[in-house]
Structures are given as C-alpha cells and as structure tokens.
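Here is the structure we will look at, set down as structure tokens.
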Amino acid sequence: MPDENGQVELTFVLRADEVPGPTSVVGDFNGWDPYAHPLRPAEDGTWRVTATVPADREVTFRYLADGGVWFDDSAADWYDEHGGHLTVERLSRGAWAQEEAELATCPGTLHAMDLGPIGFERPTFGPVPSV
C-alpha cells in the first residue's frame, strides 16, 4: 500500500541457483547504482532486497553480479534493451484492504516477517555501463 508520500516497497527475489555470487538489483529507481540494493540471503533460501519506489509508475531494472555479469528477472512484465520492466500499481486504501482480506483467507498464504539485519560485504563489481 502506498505511504503518505505515494511510495511503495517493491521486493526483488531470486532463487539461490539464480544468484552467481554477490548480486545487486540496479535500475532507474536507484540511479543504476550497483551498491544501492545488494541482494541478501533469506532464511527460505532465496536472495532478496526491498526498494522503495513511486507508486503508479513503471520501473526498469536488471541484476548485476560480481564480474560485471548482467541478467534479467524472468518475472518482469516485459523486456527491452534496458532490461526488465515492472508496472507498479497503486491500490486505493479500500482496494488494498479488500485484497489483503482475500489473501488472508487463502490457505498457504505466505506472510512477510522481519528477519533483522543480515551482514553483507560490499561486493566488487566490474565496470558499470552508463545509462
């Protein structure tokens, strides 16, 4: 749900077998900075990071792994030469409450939990192309 400034949290998740080493999500929301959003291991075996982005806009992003290896997310809405694109939709507070109530009634619904801080050393990346 958007906060009072019209921002939403967007979580990027990769399976462990998709992460070839230290990896960050980079995109137009973080100035394509490879140090802004490094993925961290989670207890469920995935690697993830959450970024705050404006609601009601499209986000362009790619993953950058150690050694300058770029790759796209298979869950993106669509792709072009800039990477994957996601459309971040704003839900009204009423629509959000209704969706949250429907999700709560679904068996097997996953709920987020705070895992606390996880240590992560600053990775060494190869050259970052200017965008």
Side-chain angles (χ1 to χ4, degrees):
M1 183 166 56
D3 65 15
E4 61 278 354
N5 297 320
Q7 304 283 309
V8 295
E9 289 187 340
L10 182 60
T11 300
F12 297 87
V13 180
L14 292 174
R15 293 185 324 263
D17 64 344
E18 296 176 303
V19 181
T23 301
S24 287
V25 63
V26 294
D28 57 1
F29 58 90
N30 66 10
W32 298 90
D33 179 357
Y35 302 107
H37 294 97
L39 277 76
R40 297 189 171 131
E43 287 184 357
D44 64 0
T46 62
W47 286 69
R48 58 183 61 221
V49 65
T50 299
T52 302
V53 301
D56 279 347
R57 68 164 274 201
E58 188 175 277
V59 173
T60 304
F61 72 100
R62 295 194 82 192
Y63 294 105
L64 179 61
D66 194 27
V69 177
W70 291 90
F71 60 100
D72 292 321
D73 191 319
S74 60
D77 294 335
W78 60 281
Y79 309 91
D80 66 11
E81 69 276 5
H82 301 291
H85 296 259
L86 292 174
T87 302
V88 181
E89 297 179 24
R90 180 193 305 244
L91 295 174
S92 68
R93 291 192 185 273
W96 178 263
Q98 179 181 351
E99 183 172 306
E100 193 172 52
E102 289 172 7
L103 287 173
T105 63
C106 295
T109 300
L110 295 176
H111 299 278
M113 72 176 125
D114 183 5
L115 301 176
I118 299 173
F120 188 81
E121 293 182 19
R122 187 175 179 135
T124 304
F125 293 100
V128 178
S130 60
V131 177

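The first residue in the sequence is number 1, and the count goes up from there. Note: hydrogens, waters and symmetry copies are ignored here, and every other heavy atom, side chains too, is used. Note that the coordinates shown come from a computational prediction; the quantities given were computed from them, not determined experimentally.
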Flag yes if more than 12 heavy atoms outside Glu9 fall under 6.0 Å of its CD atom; otherwise flag no. no

Nearest heavy-atom pair of [X] and [Y]: which atoms, and what distance?
{"X": "Val26", "Y": "Pro34", "value": "CG1-CA, 3.4 Å"}
{"X": "Trp70", "Y": "Arg62", "value": "CB-NH1, 3.5 Å"}
{"X": "Gly84", "Y": "Asp72", "value": "N-OD1, 3.7 Å"}
{"X": "Trp47", "Y": "Ala16", "value": "CD1-CA, 3.9 Å"}

Taking the side chain as everything from C-beta on, heavy atoms only, tell me whether [X] gets closer than 4.5 Å to [Y].
{"X": "Leu14", "Y": "Tyr63", "result": "yes"}
{"X": "Phe61", "Y": "Asp73", "result": "yes"}
{"X": "Arg57", "Y": "Asp28", "result": "yes"}
{"X": "Phe71", "Y": "Val19", "result": "no"}

Quick check for you: to the nearest 0.5 Å, what is the distance between [X] atom [atom1] and [Y] atom [atom2]?
{"X": "Leu39", "Y": "Thr11", "atom1": "CG", "atom2": "OG1", "answer": "10.5 Å"}
{"X": "His85", "Y": "Tyr79", "atom1": "NE2", "atom2": "OH", "answer": "10.5 Å"}
{"X": "Trp32", "Y": "Thr60", "atom1": "CH2", "atom2": "OG1", "answer": "6.0 Å"}
{"X": "Leu64", "Y": "Thr23", "atom1": "CG", "atom2": "OG1", "answer": "8.0 Å"}
{"X": "Glu58", "Y": "Trp78", "atom1": "CD", "atom2": "CH2", "answer": "5.0 Å"}

Cut-off 3.5 Å, side chains only: do Ser24 and His37 have a donor facing an acceptor? no

Count I, L, V, M, F, W, Y as connected when their side-chain heavy atoms are under 4.5 Å apart, and connections chain through other members. Are Val25 and Val13 then in the same cluster? no

